[in-house]
Amino acid sequence: MDCVGICGSDLKMYSMGRCGLEKLSKPIVMGHEGAGVVVQVGSKVTTLVAGDRVAIEPTQPCRSCTFCRSGRYNVCEQPRYCSTDGAHGNLSTYYKHVADFCHKIPENVTMEEGAATQPLAIAVHACSRAGIKLGSTLLIMGAGPVGLLCAITARAMGVAKIVMTDTVAARIETAKRLVADHTLLIKSEYSEEDIVKHVTEALGGPPDVTIDACGHVTAQRVALMVTKTGGVVLVVGIGEELVSVPLSAALLREVDVRGSYRLLNSYPMSLAAVSKGVIDLKSFITHHFPMEKAKEALEFAKTGEPMKRKKNKAEFTAENINNTAPVKNILEELQDRNAQAYMYYCHNVRQRLTTPKTLQNYHFVVPGYPLNSFDDDWDGDLNFDYFEHFSYKSLYPKMITELKNTRKADPLTSFMKDKMSWQRDCRNLKLTAAFTNMNQKYEVLNEEVVQCPKHIVDTAAHLDSDPDPNFDSSYNWYYAGNGNLQLVCIDWIDYLLHSEFSTVYLTQLNRNDLNIKPNIEACFDCGEGKNILETIFSSQNIAVLRTKYKIFILRLTPGDEIKFEKIKGIDSEIPFTGISLDAFHKNILYITTLDSKLFIVNLDRLKAKIMNLIDKPTLVDNWNTVIGSERGFYTHVGRQNITLYDKRSHNTVHVWKNVRNITDEMACNDISVAKHLEGSSSLYFGTDHHLFLMDLRFHEQNAKVVQRWTHGMECVPTYLANCNFEFNKDLICLSSQWCEDMCVVPNYSNRNSKDTLNGGVFLPYRPPNILNTLNEARQRQLCYDLYNPIDGRLSTSITGLLVMERDDRYNILMQNSLGDISCHSLFQEHMETFIEDDSMQCLHDWAAKYKIEGKNFEVSSVPNIANIWNKLKRVPSDYEICENVAVSEFDEKEITKAFDNEEIDSGLREAWLKTDEEGGEQSSLMLNLHFSDDDEE
């Protein structure tokens, strides 16, 4: 025997000699949750060989009674069940058992899990007896091990809602953490009717199935009262021999009352569920004891007293790690086998929970960690071509637009500064109130008059002056989405559509030399105070602008003179959060608001349909947007979920909420940007620390994430752009709002259908930013105007991102909120020696036009310094300021001797002999200072 678990029935047998109707007449060996290794088999056994790891189903039926012959061996008339009267248990070194009740343990299942499969098999049999169906509602009374396993099993079988009750708070917390949708801590003052009321309110009605997993008479009575008409009550907990229950009322409602006794043919499916990761048993295993301390283990389990065990220090070596096992199995066993290695794994790879009280993790200094979705049996082996080299580099970025808006402030950061200033004042006011005990000075004089300090009134007034109650974020998500920089083509001519402040501009672009013509072809002003947050353009020459409370739909009229014509305006009292054009149905515009409402606008008819995407959403930081790239569905992207909707019925097709389960940090990593690549099933989305690729091919059943990169950016990404890259690849560019914080990731276009073990995984590449160009320029003595420093201008926030392909190069354009556009050029590494980088000189020329408005100094006051002046004392004329300064004099003879011995360069001799009056601009010192006689010859 390798492992044996201790069950509640073991404790009852050990302490009382009975469990339910089972009573002991003589001493026996305990234990019925066992797993071991076969050492010998009988001559007729063909299914097992020595060395097989097996989980022991703890029964030996007679095989001849009516029930055994009908297949219901769990209710055998003459059973031999481990650790019951007349049948010894398996808590021993060796144990003999019938071969067909020894089940092979899969390779990725531990011996501890094999032993714990017995209570799981009981739960599987119980759920089968209860008739659990997909979408049913379930009440489980008793949150002990059996109740929890029943809940986990029922969840795997498709139960929609689960409510669990118990009288112990610790069990309720465990149930809430592991599986329960709702929990109820039953208090002593609760009546049976109170419990029924709480359960029906939590489920929205009576449960379809109720499982009694505790055996208490109150639980059985409540189960019969609360279960819906025609429902099922299953009793799995063993209670008293005689109980009083309201049976007649339940029968009149045709409530089926069923029992579940031990298990029946449920071991194979239980082991399969554990092997496939459907059910996790490790959280149920709490302590380990050696065999010789079995009594101590039983006493500990009975009393529940904590034990302190000395941990042996493990060395960080490869010998104590089974490197041939599947990776999942290695990580699960690593904690016990090598604590030091497990700690390293936890600090660098495993999910972490960062809170204000813990050390912040700076993810931009962590390597890329590209991850694929491997199968559970992956052994950690990678093909030699798994990582592919990104053979491109970037020149230093350079500005390609003329300097403008030098007298204006960055609107994106101005809003953030106002909000941060308000928050800082709030904290100061609250601290002052707490320090001076202001709340104690608050007094109610009558129903209409109260007396309170002015400080409290000022605090209340300040709270009412919040610049934006719906905003509480570290980045300005109002500007997130498609950005304010788009490439458009009109009559075979390329243009840039870019927005600055409240105006959108159309300017001509030469893609070959990246020359942006200074002349404006067309523009449209949204009005004072209506800063443009997002700009998009359709192939039908329709431009859509998003401001905070208004959407502008413009038609671009080509011809001799290009013009913007406003054709529709949409107002809202709730801020807009996103706009997008359907890539498949070109005439459909999607608009989302902060309260998760969706406007579906037909641009041909200029009519809109409004629908609610989420019931009762939170308005604080509820950034969301809708993307349409497929024929049959559109995608709603929120901070923590991705939902697919059918285009015809607008019903939910699939909801994905697993973003926190696949990130390195559980406390952050909300979705901040997303893009569905046109003509493919690839949805890329970014979070605080990662870039993900989601496969939408099987969206109705299982839309899943297949790749993850740690992008290494210092701020939250808000823009995502892409273009075709080489053969059968996409170039994904991710950017945040702060000073060209960007990463580039190439990826295969067919990655969704490609085997994850094959090659083609790239590490994210971080191109240099414009501040790197500035630092390099200053190394060359450029951009050094101390009176007009350019640093602040270059740190302006980013509001637009664009990627363009040009021959064998790829240009990345970034626009800041003041209208400056910079360009990063990606080129192949082997061409580096042939490319001249003039970025530093271009930045110097560009910065030369930057002039800061001069400020005149004004005399604000003239203080009287007579008192200070009168205290000053004159320094005596004979006072020696430098008393102990040693004065050294040169001996001319020694210097002449040094020249004669050639100890000093002879080229300096003539200069030394000349007097100051004889020196001149063409002296031999100037001519020969850096040259010896040998060099001149």
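In this chain, residues are counted from 1 in sequence order.
- Taking the six-membered ring wherever Trp is involved, the centroid distance between the rings of Tyr392 and Phe725 falls below 6.0 Å.
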Acceptor/donor pairs from residues 779-787 side chains to any protein atom, 3.5 angstrom cut, sequence neighbours excluded:
unit_1	atom_1	unit_2	atom_2	d
Asp785	OD1	Tyr787	N	3.1
Asp785	OD1	Asn788	N	3.4
Asp785	OD2	Asn788	ND2	3.1

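- Considering only heavy atoms from C-beta on, Ile400 stays 4.5 Å or farther from Ser822 through its side chain.
- With no hydrogens or angles considered, a side-chain donor-acceptor pair links Ser499 and Thr535 at under 3.5 Å.
- Every pair passing salt bridge (Lys or Arg N to Asp or Glu O under 4.0 Å) that includes a residue from residues 526-545 is listed here, sequence neighbours excluded: Glu534-Arg546.
- One N or O on the side chain of Gln737 and one on the backbone of Asn476 form a donor-acceptor pair closer than 3.5 Å.
- Judged by distance alone, with hydrogens and angles left aside, the side-chain atoms of Asn624 form a donor-acceptor pair with the main-chain N or O of Thr593 at under 3.5 Å.
- Annotation for Lys675 and Ala721: closest pair NZ-CA, 4.2 Å, computed over non-hydrogen atoms.
- A donor-acceptor pair under 3.5 Å is absent between the side-chain atoms of Ser572 and the main chain of Pro575, judged by distance alone.
- Lys419 forms no cation-pi arrangement with Phe471, by the criterion of a distance under 6.0 Å to the ring centre and an angle within 45° of the ring axis.
- The nearest pair of heavy atoms linking Pro397 to Thr773 is O-OG1, 3.0 Å.
- Contact check for Asn541 versus Val488: no side-chain heavy atoms found under the 4.5 Å cut-off.
- Under the 3.5 Å distance criterion, the side-chain polar atoms of Asp741 are matched with a main-chain donor or acceptor of Cys715.
- Note: Ile536 CD1 to Leu497 CG = 10.5 Å, rounded to the nearest 0.5 Å.
- Among the candidates Asn484, Thr507, Leu802, Ile532, the single residue satisfying the side chain to side chain contact (heavy atoms under 4.5 Å, CB included) test with His498 is Thr507.
- Using modelled atom types, one finds no donor on one side chain facing an acceptor on the other under 3.5 Å when comparing Ser672 with Thr718.
- Contact check on Lys408 versus Glu500 returns no salt bridge, with no Lys/Arg side-chain nitrogen under 4.0 Å from an Asp/Glu carboxylate oxygen.
- Between the side chain of His711 and the backbone N or O of Met713, at least one donor-acceptor pair lies under 3.5 Å.
- Salt-bridge check for Asp837 with Lys398: failed, with every basic side-chain N at 4.0 Å or more from each acidic carboxylate O.
- Separation of atoms OG (Ser839) and CG (Asn772) is listed at 11.0 Å; rounding is to 0.5 Å.
- No side-chain heavy atom of Asn622 sits under 4.5 Å from any side-chain heavy atom of Asn470.
- Between Asn811 and Val803 the shortest side-chain heavy-atom distance does not fall below 4.5 Å.
- In summary, the side chains of Asp410 and Ser797 do present a donor paired with an acceptor at a separation below 3.5 Å, with no hydrogens or angles considered.
- Although no hydrogens or angles enter the test, the distance criterion places a donor-acceptor pair under 3.5 Å between the side chain of Arg806 and the main chain of Asn512.
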- request: Quick one: do Tyr396 and Met840 satisfy side chain to side chain contact (heavy atoms under 4.5 Å, CB included)? Show the steps, please.
  value: CA-CA 8 Å; Tyr396 284 100; Met840 282 64 72; 4.1 Å; yes
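- The side chain to side chain contact (heavy atoms under 4.5 Å, CB included) test with Trp738 is passed by exactly one of Ile798, Thr413, Val716, Thr796: Thr413.
- Both the sub-6.0 Å distance and the 45° axial angle are satisfied by Lys729 relative to the ring of Tyr748.
- Looking at Arg555, its side chain never comes within 3.5 Å of a backbone N or O of Phe564 through a donor-acceptor pair.
- Between Gln423 and Asp472, the side chains place a donor N or O and an acceptor N or O closer than 3.5 Å (distance only, hydrogens not considered).
- What you find for Met416 and Ser473 is that their closest heavy atoms are CE-O, 3.8 Å.
- Looking only at distances, a side-chain donor or acceptor of Asn816 sits under 3.5 Å from a matching main-chain atom of Asp820.
- Counting heavy-atom neighbours within 6.0 Å of Lys550 NZ, excluding the residue itself, gives a total above 12.
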- request: Start with the C-alpha distance between Val744 and Leu731, add both sets of side-chain angles, then the distance that settles side chain to side chain contact (heavy atoms under 4.5 Å, CB included), and finish with yes or no.
  value: CA-CA 7 Å; Val744 176; Leu731 187 66; 3.3 Å; yes
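- Taking the six-membered ring where tryptophan is involved, the planes of Tyr765 and Phe390 are tilted, since the angle between them lies from 30° to 60°.
- When Val673, Asn747, Val745 are each tested for a side chain to side chain contact (heavy atoms under 4.5 Å, CB included) with Leu691, only one passes: Val745.
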query: Stepwise, does the side chain to side chain contact (heavy atoms under 4.5 Å, CB included) test hold for Ser736 with Glu714?
result: CA-CA 8 Å; Ser736 75; Glu714 300 186 35; over 6 Å; no
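- Considering only heavy atoms from C-beta on, His824 comes within 4.5 Å of Met814 through its side chain.
- Between the side chain of Thr710 and the backbone N or O of Gly712, no donor-acceptor pair lies under 3.5 Å.
- No more than 12 heavy-atom neighbours from other residues, nucleotides or ligands sit within 6.0 angstrom of NZ on Lys849.
- Remark: Lys548 engages Asp468 in a salt bridge, criterion side-chain N to carboxylate O under 4.0 Å.
- Nearest heavy-atom pair across Ile562 and Leu506 is CG2-CD2, 3.9 Å.
- The line from OG1 of Thr592 to CD1 of Ile579 is 9.0 Å long, rounded to the nearest 0.5 Å.
- By the neighbour-count criterion of 12 heavy atoms within 6.0 Å, atom NZ of Lys851 is densely surrounded, having more than that number from other residues, nucleotides or ligands.
- Here the side chains of Arg793 and Tyr850 are in contact, with some heavy-atom distance below 4.5 Å.
- Nearest heavy-atom pair across Pro467 and Trp422 is CD-CG, 3.6 Å.
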- request: Check the pair Ser502 / Asn531 against side chain to side chain donor-acceptor pair (under 3.5 Å), numbers first and verdict last.
  value: CA-CA 4 Å; Ser502 62; Asn531 287 337; 5.2 Å; no
- request: Walk me through it: do Arg639 and Asp621 pass the test side chain to side chain contact (heavy atoms under 4.5 Å, CB included)?
  value: CA-CA 9 Å; Arg639 298 290 295 271; Asp621 293 337; 3.4 Å; yes
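- For the atom pair Glu565 CD and Ile542 CD1, the distance stands at 9.0 Å (nearest 0.5 Å).
- Interatomic distance, OG1 of Thr503 versus CZ of Phe501, reported as 9.5 Å (0.5 Å rounding).
- Minimum interatomic distance between Gly628 and Tyr634 (heavy atoms only, all atoms of both residues): CA-CB, 4.2 Å.
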Side chain to side chain donor-acceptor pair (under 3.5 Å) between Glu630 and His585, intermediate numbers included: CA-CA 9 Å; Glu630 294 284 348; His585 299 93; over 6 Å; no
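- The backbone N or O of Asp418 lies less than 3.5 Å from no partner atom in the side chain of Ser421, so there is not a single donor-acceptor pair.
- The pair Asp791-Arg778 counts as a salt bridge, with a side-chain nitrogen and a carboxylate oxygen less than 4.0 angstrom apart.
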